[in-house]
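For reference, the structure is listed below as structure tokens.
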Amino acid sequence: MATATRVFMDEQGFLEVETPTLFKSTPEGAREFLVPSRISPGEFYALPQSPQQFKQILMCAGVDKYFQLARCFRDEDLRADRQPEFTQIDVEMSFIDREDIYALIEGLLKTIWKTALDYDVPTPFPRIPYREVMDRYGSDKPDTRYAMEIGDLTEDFAASGFKVFSGAVERGGVVKAINAKGFACVTQGQMETMTNIAKGLGAKGLAFIKVENGEWKSPIVKFFSDTEKAALIEKLNIEEGDLILFAADEWLNACEILGRIRQYTAGKLVELGKLEIPADQFNFLWVIEFPLLAFDREMNRWFSSHHPFTSPVEEDADKLETDPKSVRGQHYDVVVNGVELGGGSIRIHQPELQKTIFEDLLKLSPEVTQARFGYMLEAFKYGCPPHGGIALGFDRLIALLCGADSIRDVIAFPKTTKGSCLMTDSPAAVEAKQLRDLHIDLKVAKKAE
RNA sequence: GGGGGUGUAGCUCAAUUGGUUAGAGCGCUGGCCUGUCACGCCAGAGGUUGCGAGUUCGAGUCUCGUCACUCCCGCCA
């Protein structure tokens with residue numbers, strides 16, 4: 001697949017460029033691996049979380065079509081789909097807009113799926129704005145191989161006698177529900193699991209209706225008016241044997257709760273043989289127009305929902321100062337079968353705008369901005385073409401093609417959950433002389449042998 | 001870093017309150033049959049129940065430790 005990727009990218013006129021592995025710490029994103037320097041006592045390299053900044057400078061330098069199968073490093077906890085070192089298909093191009101990226105990546109994925117599985121990926125992929133994908137699927141990486149979409153009942157229950165719902169609407173929230181078709185046979189334990197999912201996301205409970213023997217079995221349905229019931233039947237297509245689950249909360253929470261519920265119930269319905277999710281089908285889509293910024297309540301500041309180099313969509317740019325929350329980014333994720341395969345954006349190429357983002361919105365001091373990103377702002381000053389790019393998780397891609405549940409299954413010599421290599425027994429202690437050369441004193445006691 | 005779950009044959013799983021020689025399906029090997037195509041029939045191999053301690057007359061089952069996997073929170077710009 002690496003070969004297929006290189007051949008395709010070469011045919012499209014891209015130049016493969018290697019970027020340094022010994023990079024510098026830019027602690028905005030994931031935790032980095034540090035490498036001590038022998039020649040510069042007390043100073044460190046960092047292994048790159050991605051070649052992001054290098055590739056943007058390549059754009060300034062006139063390499064207008066760059067790609068790399070890039071090794072990336074992140075010192076975070078592991079998961080089935082996360083390893084401390086992994087590979088991405090890293091792409092950046094100049095003088096383009098989003099459409100160019102969509103067309104390129106659709107072509108690449110089409111080629112890869114054809115080569116590996118002789119599977120014809122239909123193009124173009126559907127594009128769904130973030131707002132809509134959350135409304136319909138409760139996830140920014142939905143599995144669209146099954147429908148079970150979330151319904152919105154905010155207006156229908158705004159004046160409901162059921163205070164839990166009308167109260168949520170009064171506070172500016174929403175009322176949403178999902179129909180788990182044929183899941184009225186849900187067990188007590190499964191209901192409890194789902195309630196815990198909802199509570200884990202801050203809900204007080206999980207309202208439900210079981211439709212059995214022509215009857216709505218539910219502790220709350222007695223509060224519903226006939227109009228409200230009619231709205232439910234119509235919007236959720238309620239039939240005998242269905243299970244309806246509700247979330248009344250602020251918008252994002254309600255969406256996420258039902259998104260989790262959607263995934264959970266779909267899994268159970270597959271076990272029961274009442275839903276089919278074909279393993280040999282691949283539903284690709286683009287999720288677009290993510291919010292550029294999200295607010296961190298604890299830190300009381302804005303942070304980039306993607307990364308700080310993402311350009312705002314043009315018609316929202318003037319709202320950066322007045323209404324940062326509503327600014328959408330020119331960011332896009334490519335999603336297949338509930339897996340986020342990659343993401344990217346059209347970048348900021350104007351030094352002033354980049355500086356505004358760093359200093360006014362992200363509240364980095366000018367000194368910090370200069371120390372961490374000064375070389376980029378400097379490069380931008382000499383005239384940087386409009387550019388953008390994307391990175392696809394290569395390990396995830398291979399796992400998808402192989403039908404593997406974990407990227408560990410498609411990586412030679414993977415790390416364990418605790419980050420050690422069982423083959424070579426790394427990480428391991430080093431000799432005192434090596435530490436002296438690196439000007440390092442250890443504070444941890446040496447492990448007893 | 002915190003919390004939950006899991007670990008039994010190559011794979012998917014079973015094994016009652018702790019109780020005989022740890023079972024089944026699929027797969028594998030051999031034989032037979034065959035108008036077969038998810039063939040059928042017969043036979044067989046395959047296990048230190050992740051590892052190490054402990055409790056017990058007796059541990060797959062209980063306790064502790066450890067390793068691995070997995071999910072959730074944190075983290076993953």
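Just so we're clear, the structure is a prediction, and the values are computed from it rather than from any experiment. The chains referred to below are lettered A, B, ... by the order of the sequence lines, with proteins before strands, and numbering in each begins at 1.
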Whom does G27(B) pair with, Watson-Crick or G-U wobble, provided both distances fall under 3.5 Å? none
Which whole number of Å gives the distance between the P atom of U36(B) and that of C11(B)? 34 Å
What distance, rounded to whole Å, do you find between the two C1' atoms, one in G30(B) and one in U63(B)? 47 Å
Verify the contact: side-chain N or O of Thr417(A) to OP1 or OP2 of C69(B), cut-off strictly under 4.0 Å; return yes or no. yes
So what's G19(B) paired with, Watson-Crick or G-U wobble, going by both distances under 3.5 Å? C57(B)
Output yes when a side-chain donor or acceptor of Lys65(A) lies under 3.5 Å from a complementary backbone atom of Gln12(A), and no otherwise. yes
Same-atom distance (C1') from C67(B) to C76(B), integer angstrom: 25 Å
Looking at Glu106(A) and Phe125(A), would you say the former's side chain and the latter's main chain have a donor-acceptor pair under 3.5 Å? yes
Are there over 12 heavy-atom neighbours, none belonging to Glu431(A), within less than 6.0 Å of that residue's CD? no
Whole angstroms only, please: what is the OH-P distance between Tyr264(A) and C71(B)? 16 Å
Mind checking the P distance from U48(B) to C42(B)? Whole angstroms is fine. 29 Å
With rounding to the closest Å, how many angstrom separate the P atoms on A24(B) and A43(B)? 12 Å
Rounded distance (Å) that lies between atom P of C69(B) and atom CG of Leu422(A): 7 Å
Presence of donor-acceptor pair under 3.5 Å, side chain of Arg31(A) and base of G1(B): no
Roughly how many Å apart are G7(B) and G50(B), using the P atom of each and rounding to a whole number? 8 Å
Glu76(A) CD - G2(B) P separation (whole Å): 16 Å
Do the rings of Trp251(A) and Tyr130(A) sit parallel, tilted or perpendicular, given the 30° and 60° boundaries? perpendicular
In terms of the nearest nucleotide of RNA chain B, which residue is placed more toward the 5' end: Leu201(A) or Phe303(A)? Leu201(A)
Determine the interatomic distance between P on U8(B) and the same-named atom on G47(B); round to the nearest Å. 15 Å
When all nucleic acid strands are considered with a 4.0 Å heavy-atom cut-off, which category describes Ser406(A): base, sugar-phosphate, or nothing? sugar-phosphate
Row check, Tyr332(A) ring normal vs Arg127(A) NZ/CZ: under 6.0 Å, within 45°: no
Which one is paired to U6(B), where only Watson-Crick or G-U wobble pairs with both distances under 3.5 angstrom count? A68(B)
Interatomic distance where CZ belongs to Arg82(A) and P belongs to C76(B) [whole Å]: 9 Å
Determine which nucleotide pairs with A45(B), using a 3.5 Å limit on both distances of a Watson-Crick or G-U wobble pair. none
Rounded interatomic separation in angstrom, taking CZ from Arg260(A) and P from C71(B): 12 Å
Please check this pair: side chain of Ser40(A) against backbone of Glu43(A), looking for a donor-acceptor N/O pair closer than 3.5 Å. no
Measure from CG on Leu78(A) to P on G1(B) and round the result to the nearest Å. 12 Å
Rounded to whole angstroms, how far apart are CG on Asn196(A) and P on G3(B)? 18 Å
Knowing that exactly one of Glu92(A), Gln68(A), His387(A) qualifies, which makes a side chain to side chain donor-acceptor pair (under 3.5 Å) with Lys55(A)? Glu92(A)
Euclidean distance for P, G19(B) against G60(B) (whole angstrom): 10 Å
Any strand counts, and the cut-off is 3.5 Å on both contacts for Watson-Crick or G-U wobble. Which nucleotide pairs with C32(B)? G40(B)
Output yes when at least one side-chain N/O atom of Arg79(A) is less than 4.0 Å from OP1 or OP2 of C72(B), else no. yes
Under 4.0 Å, heavy atoms only, any strand: does Thr193(A) hit a base, just the sugar-phosphate, or nothing? nothing
Length of the line joining Ile197(A):CD1 and G3(B):C1', which is rounded to integer Å: 16 Å
